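Worksheet: one structure, shown below.
Model, not experiment: these values are computed from the prediction. Letters A, B, ... mirror the listed sequences (proteins, then strands); counts begin at 1.
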2 protein chains.
Amino acid sequence: MSETTAKKTTTTGRNKPRGSYAKSSSKRAAIMEAALAVFAKDGYRGGSLRDVAMNVGMSEAGLLHHFPSKTALLAGVLDLRDQRSLEMVPLDSDRAHDTLRGLVALARYNASVPGVVELYCTLSAEATSADHPAHAYFVERYASTIEKITHAFALCAKLGTLRGGVRPDGAARATVALMDGLQVQWLLDRDSVDMAEDLESFLREIVDLDAA
Amino acid sequence: MSETTAKKTTTTGRNKPRGSYAKSSSKRAAIMEAALAVFAKDGYRGGSLRDVAMNVGMSEAGLLHHFPSKTALLAGVLDLRDQRSLEMVPLDSDRAHDTLRGLVALARYNASVPGVVELYCTLSAEATSADHPAHAYFVERYASTIEKITHAFALCAKLGTLRGGVRPDGAARATVALMDGLQVQWLLDRDSVDMAEDLESFLREIVDLDAA
DNA sequence: GTCTATATGGCGATAGAC
DNA sequence: GTCTATCGCCATATAGAC
């Protein structure tokens with residue numbers, strides 16, 4: 001999925017000796033930003049390269065110089081979004097309560113970037129089709145996310161902060177499902193839904209969030 | 001499930017004389033069935049009338065004789081699905097526990113009709129865009145569904161079967177969100193998710209399902 | 001690196017014969 | 001009621017000039 005072969009091109013991108021990738025990285029970023037907005041609004045299948053190109057002030061052919069195909073552009077956008085959200089939630093932390101609180105923080109942050117929420121909402125739905133370009137990406141992503149949150153709940157159980165009778169894996173699936181479902185409701189009517197609040201209420205029903 | 005029995009349908013108000021309409025109703029049903037499958041797989045924007053026509057064994061022009069536009073076809077499909085699911089869940093019952101148990105039954109039933117689940121999942125996501133033909137439909141549908149489930153939880157509170165500290169409206173939003181989110185996970189990996197079981201576990205955490 | 005021009009094909013919808 | 005034929009538009013992608 002990733003096209004960044006070099007390890008340290010993300011921030012500076014100046015020290016890349018060969019290849020013209022570093023020089024164009026700012027354009028690439030601008031394109032991905034525009035693509036995110038377009039795919040968020042119309043979905044991947046519904047969104048057009050024409051729209052993306054217009055939003056970033058280029059021709060379609062110019063755009064396709066940076067990303068050889070629409071699918072490659074989608075991969076870039078998903079990578080971009082992953083980089084950012086992984087910075088927000090310490091999914092691999094061994095401090096389980098930090099992980100869960102991170103999810104609430106993510107929900108709160110998401111309410112400030114509706115475009116990203118729309119992108120994931122629309123894309124995860126249309127990618128349920130087995131022949132969608134991002135199908136494998138989402139299958140893998142959900143499996144790994146749920147696995148990590150299951151681990152967090154299991155740690156809570158060890159600490160004695162998980163409510164009795166609650167199974168870690170079921171709780172993890174429910175947590176992710178709740179976040180996803182609340183996003184749809186929030187997108188449809190932003191005034192009557194507070195994603196972070198509803199998520200926190202749910203978590204507090206099954207775990208002592210303030211402990212540890 | 002012929003439509004000749006209905007005198008006045010809400011969205012498609014056809015007042016045609018009985019003769020020709022009754023004869024074509026079976027074709028209409030076949031078209032909607034095929035459209036449901038196509039829209040479920042590729043979404044409304046991604047799915048094509050060409051595909052629908054081919055699936056039902058007609059030309060595009062022949063199809064457009066029954067539904068004058070793609071949007072009209074979408075409305076027909078949504079009507080069809082609503083008719084069926086309203087028969088499953090007694091949303092307006094004053095026996096709150098029947099309503100909640102009905103939701104679990106619906107989740108169980110949904111696992112047997114993946115096409116319908118895909119349709120709603122994909123469609124509700126892409127309809128979050130304000131200019132989508134089904135946007136108003138989904139806004140209204142979510143509001144009314146959540147209102148009714150809120151009512152059910154409020155009844156539980158009166159009966160004393162709702163867990164202390166749980167707010168009916170938050171519980172209703174969470175219930176609907178959970179059902180939606182579980183559908184995405186189930187579509188992505190059907191073997192590792194049991195929608196009905198996870199929903200029931202959630203409900204049992206906040207309400208005494210077996211009472212009354 | 002970006003452009004114009006174009007190839008190639010799918011889309012929704014219409015017109016009119018039968 | 002269903003068809004063939006066609007229109008006009010938009011899509012992704014390529015070729016080659018600058």
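Per the geometry, CG belonging to A:Leu74 stands 16 Å off C1' belonging to D:dA11, to the nearest Å. Per the geometry, CZ belonging to B:Phe67 stands 14 Å off C1' belonging to D:dG1, to the nearest Å. In this structure, CG of A:Asp42 is placed 16 Å from C1' of D:dT12, rounded to the nearest angstrom. Computed from coordinates, the A:Lys27 NZ to C:dG1 P distance equals 11 Å when rounded to whole Å.
The closest side-chain heavy-atom distance from B:Ser48 to B:Val38 is not below 4.5 Å. B:Ile31 has its side chain within reach of B:Leu73: a pair of non-hydrogen atoms, C-beta onward, lies under 4.5 Å apart. A heavy-atom distance below 4.5 Å is found between the side chains of B:Leu187 and B:Val117.
Note on A:His65: every side-chain N or O is 4.0 Å or more away from OP1 and OP2 of C:dT2. Distances shown here put a side-chain N or O of A:Ser59 below 4.0 Å from the OP1 or OP2 atom of C:dC3. For the OP1/OP2 pair of D:dT2 and a distance below 4.0 Å, the side-chain nitrogens and oxygens of B:His66 include at least one atom meeting the criterion.
For the residue pair A:Thr71/A:Tyr44, the side-chain donor-acceptor check at 3.5 Å is satisfied.
Using a cutoff of 4.0 Å between basic side-chain nitrogens and carboxylate oxygens, A:Arg141 and A:Asp82 are scored as salt-bridged.
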* Test B:Arg167 against A:Glu197 for salt bridge (charged side-chain N to carboxylate O under 4.0 Å, His left out), laying out the working first. => CA-CA 12 Å; B:Arg167 288 175 44 197; A:Glu197 185 188 304; 3.8 Å; yes
* Asked: Which letters describe nucleotides 12-17 of chain C, given B = protein heavy atom under 4.0 Å from base, S = only from sugar-phosphate, - = neither?
  -> BBBB--
